[in-house]
Amino acid sequence: MSSVSGRALEDSVRISTKFPEMESTYSSMKSLRYDVIVDVAPEVKWNPEGGYKNLKIVVEIDKEIDAQTAAEHELRRRHKALGALRIVTERGLEVGDVAILDISATTIEQDESAAQAIPSAESKGFQFDTEDGDKVLPDFLNSITGIKRGESKSFPYVFPDSWEQENLRGLRAQFTVDCKELFYRDLPELNDSIADKILSGCSTIEQVKEILLEKFLEVEQTAKDQATDNAILDQLHRMVEVGIPPSLFEEQGRQLYGAQLLQIQANTKLSEQQLAYLSSSKAVNEFLQNQRENITSIIKQNLAVGDIYKRENLQVLTDEVVKEVENSISEFKRHDQDYDEERVKGQVQEVLEGSKVLEWLKEHAEIQYITK
């Protein structure tokens with residue numbers, strides 16, 4: 001063991017010699033001998049060497065998180081909530097209306113009798129806000145504009161290649177839409193007299209706009225920072241070559257699974273039977289197998305970050321570690337979860353070191369932001 005002192009991974013030591021063999025050796029030689037296997041910290045190789053020092057990162061930002069756009073949407077949402085829906089009687093659907101629709105769709109086939117229903121595209125009593133038209137289906141609104149209460153419209157549609165459900169991408173379908181009800185919004189005038197109703201404590205619409213914009217600027221910056229971190233980490237793991245020891249893979253996988261289980265418990269009340277299954281070795285092993293690629297990527301990212309931390313002589317303050325350890329332990333206690341304080345300290349140290357490395361990389365990288 002002295003030959004790997006300082007390099008052996010914690011909890012990776014295991015005896016490889018079978019018990020019958022040890023028993024036989026002891027009986028014949030009156031001495032106990034066995035072989036031990038231990039995983040050692042893997043060596044990180046950069047390709048190219050030192051490539052992390054001049055990263056060129058392109059970060060894609062979703063247009064939905066643009067602070068100005070998000071603030072305008074939120075103001076509109078709050079304004080609409082103050083209005084009443086009135087029945088449309090003498091015209092068809094227009095932008096700004098709300099319709100109650102029954103939607104169905106079938107595949108388009110050369111042999112019409114072979115057409116099949118598309119269950120995921122069907123909906124009964126769907127409340128369609130025309131101001132959110134493109135969020136339902138691109139060009140869906142254009143296809144039904146003018147439809148009146150009690151009318152039905154049928155039209156062909158090709159699902160876009162960017163559609164979330166892969167099995168529907170590029171699929172040719174025939175949609176049928178029945179308009180059950182049609183409403184228009186009767187909204188109060190957007191002026192200072194309703195400012196307090198839109199946002200409590202405000203006396204003017206300008207004040208409402210300023211507060212909403214400030215809120216969404218924070219949301220935008222948080223999302224931008226997270227997207228930047230993800231883009232940097234994604235590039236780092238592609239630049240390192242490293243062999244991952246089994247014990248390191250299992251430890252990282254179990255940490256991820258434990259965090260996921262905590263999140264599930266925080267969001268859902270689980271029965272004893274559900275919790276027992278989710279805590280079982282079978283459930284954990286299935287997670288490790290299904291998430292192998294993701295776990296491997298995270299380990300490579302962590303090893304790359306740890307290597308940069310050492311190479312650039314970065315430092316984390318003790319006070320920061322103590323504070324974060326206390327916060328982590330309080331979370332474990334709140335969810336009545338067992339924890340190893342030393343392991344928690346190690347994990348906290350790793351997270352804080354990662355933050356320091358990401359700060360350093362951002363300062364030295366060339367970062368370009370594009371809106372998608």
Side-chain angles (χ1 to χ4, degrees), residues 57-86 88 93-100 126-138 140-141 164 183-233 259 262-263 266-268 319-320 323-324 326-328 330-331 334-335 351-352 354-356 358-359 361-363 365 367-372:
I57 305 293
V58 177
V59 183
E60 291 189 342
I61 303 296
D62 194 324
K63 65 181 180 181
E64 293 296 324
I65 70 165
D66 175 72
Q68 187 64 51
T69 302
E72 290 171 359
H73 286 171
E74 180 63 12
L75 176 60
R76 178 60 178 167
R77 186 189 70 79
R78 289 170 180 252
H79 184 209
K80 289 194 295 186
L82 298 178
L85 292 178
R86 310 292 186 192
V88 174
L93 180 72
E94 296 179 353
V95 175
D97 292 343
V98 175
I100 307 300
F126 176 68
Q127 182 170 314
F128 176 58
D129 187 334
T130 53
E131 292 187 3
D132 298 329
D134 287 343
K135 293 180 181 179
V136 179
L137 276 175
F140 179 77
L141 175 59
E164 185 176 352
F183 305 96
Y184 71 93
R185 282 195 173 88
D186 186 8
L187 299 177
E189 185 178 349
L190 186 62
N191 56 33
D192 294 346
S193 66
I194 64 169
D196 184 62
K197 293 180 181 178
I198 290 179
L199 189 60
S200 180
C202 292
S203 57
T204 67
I205 292 298
E206 280 306 310
Q207 188 181 7
V208 171
K209 291 180 178 179
E210 289 174 6
I211 292 175
L212 290 179
L213 181 59
E214 183 179 352
K215 169 190 173 183
F216 284 103
L217 280 171
E218 293 179 3
V219 173
E220 178 186 323
Q221 189 58 52
T222 299
K224 191 175 182 179
D225 289 344
Q226 186 61 60
T228 303
D229 290 350
N230 290 341
I232 289 174
L233 291 171
L262 277 176
Q263 188 63 46
N267 297 333
T268 309
D319 288 347
E320 293 179 282
K323 181 179 178 180
E324 288 302 317
E326 290 175 350
N327 290 340
S328 296
S330 66
E331 279 296 300
R334 188 162 70 89
H335 294 290
V351 169
L352 292 176
S355 296
K356 292 292 182 184
L358 286 169
E359 288 175 12
L361 289 171
K362 288 176 187 176
E363 292 173 2
I367 304 174
Q368 177 187 1
Y369 293 97
I370 59 174
T371 303
K372 61 178 179 179

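Keep in mind it's a predicted model, so treat the numbers as computed, not measured. This chain uses plain numbering: 1 for the first residue, then up along the sequence.
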Checklist line | Under 3.5 Å donor-acceptor, Thr130 side chain and Val98 backbone | finding: no

Next item on the list: Check for a donor-acceptor pair, side chain of Asp97 on one end and backbone N or O of Glu94 on the other, with a separation under 3.5 Å.
Entry: yes

Notebook entry, point to check: Roughly how far, to the nearest 0.5 Å, is the NE2 atom of His73 from the CD atom of Glu131?
Noted result: 9.0 Å

Note to self: Looking at every non-hydrogen atom in both residues, tell me the closest pair between Ser203 and Ala195 and how far apart they are.
What the structure shows: C-CB, 3.7 Å

Check: From Asp319 CG over to Glu324 CD, what is the distance, rounded to the nearest 0.5 angstrom?
Finding: 12.0 Å

Checklist line | Side-chain donor/acceptor of Ser355 to backbone N/O of Val351, under 3.5 Å | finding: yes

Next item on the list: Look at Lys224 together with Asp66 and state whether they make a salt bridge at an N to O cut-off of under 4.0 Å.
Entry: no

Notebook entry, point to check: Should Leu233 and Leu358 count as side-chain neighbours, where that means a heavy-atom distance under 4.5 Å?
Noted result: yes

Notebook entry, point to check: When rounded to the nearest 0.5 angstrom, what is the spacing between CG in Asp186 and CG in Leu85?
Noted result: 9.5 Å

Item checked: CG on Asn267 to CG on Leu262, rounded to 0.5 Å -> 11.0 Å

Item checked: Arg86 side chain vs Tyr184 backbone, donor-acceptor pair below 3.5 Å -> no

Checklist line | Closest approach of Gln207 to Cys202 (non-hydrogen atoms, all atoms of both residues) | finding: OE1-CA, 3.4 Å

Margin query: I'd like to check Leu82 versus Leu187 (side-chain heavy atoms, cut-off strictly below 4.5 Å). Are they in contact?
Written below: no

Notebook entry, point to check: How many angstroms lie between CD1 in Ile57 and CG in Leu361, if you round to the nearest 0.5 Å?
Noted result: 8.5 Å

Note to self: So does Gly201 get a backbone contact from the side chain of Asp196, meaning a donor-acceptor N/O pair under 3.5 Å?
What the structure shows: yes

Check: Can you tell if the side chain of Ile198 reaches within under 4.5 Å of the side chain of Ile205, non-hydrogen atoms only?
Finding: yes

Margin query: How close do Leu212 and Glu74 get, counting heavy atoms only, and between which atoms?
Written below: CD2-CG, 3.9 Å

Margin query: Restricting to non-hydrogen atoms, name the atom on Phe183 and the atom on Val88 that form the minimum distance, rounded to 0.1 Å.
Written below: C-CG2, 3.6 Å

Notebook entry, point to check: Asp129 and salt bridge (Lys or Arg N to Asp or Glu O under 4.0 Å): which partner among Arg76, Arg77, Arg185?
Noted result: Arg185

Notebook entry, point to check: Checking Glu220 side chain against Phe216 main chain: does a donor-acceptor pair fall under 3.5 Å?
Noted result: no

Item checked: Gap separating the CD atom of Gln226 from the CD atom of Gln221, nearest 0.5 angstrom -> 12.0 Å

Notebook entry, point to check: Are Phe128 and Ile100 side-chain neighbours, meaning at least one heavy-atom pair lies under 4.5 Å?
Noted result: no

Item checked: Any side-chain heavy-atom pair of Ile61 and Ile370 under 4.5 Å -> no

Check: Are Glu72 and Lys209 within salt-bridge range, i.e. N to O under 4.0 Å?
Finding: no

Item checked: Pairwise side-chain contact, Val59 with Asn230, heavy-atom cut-off 4.5 Å (strictly under) -> no

Notebook entry, point to check: Quick one: does His79's side chain have a donor or acceptor within less than 3.5 Å of a partner on Pro188's backbone?
Noted result: yes

Checklist line | Sidechain N-carboxylate O distance under 4.0 Å for Glu331, Arg334 | finding: yes

Next item on the list: Run the salt-bridge test on Lys362 and Asp229 with the 4.0 Å N-O cut-off and return the result as yes or no.
Entry: yes

Check: Are the side chains of Val208 and Thr204 in touch, meaning some heavy atoms are under 4.5 Å apart?
Finding: no

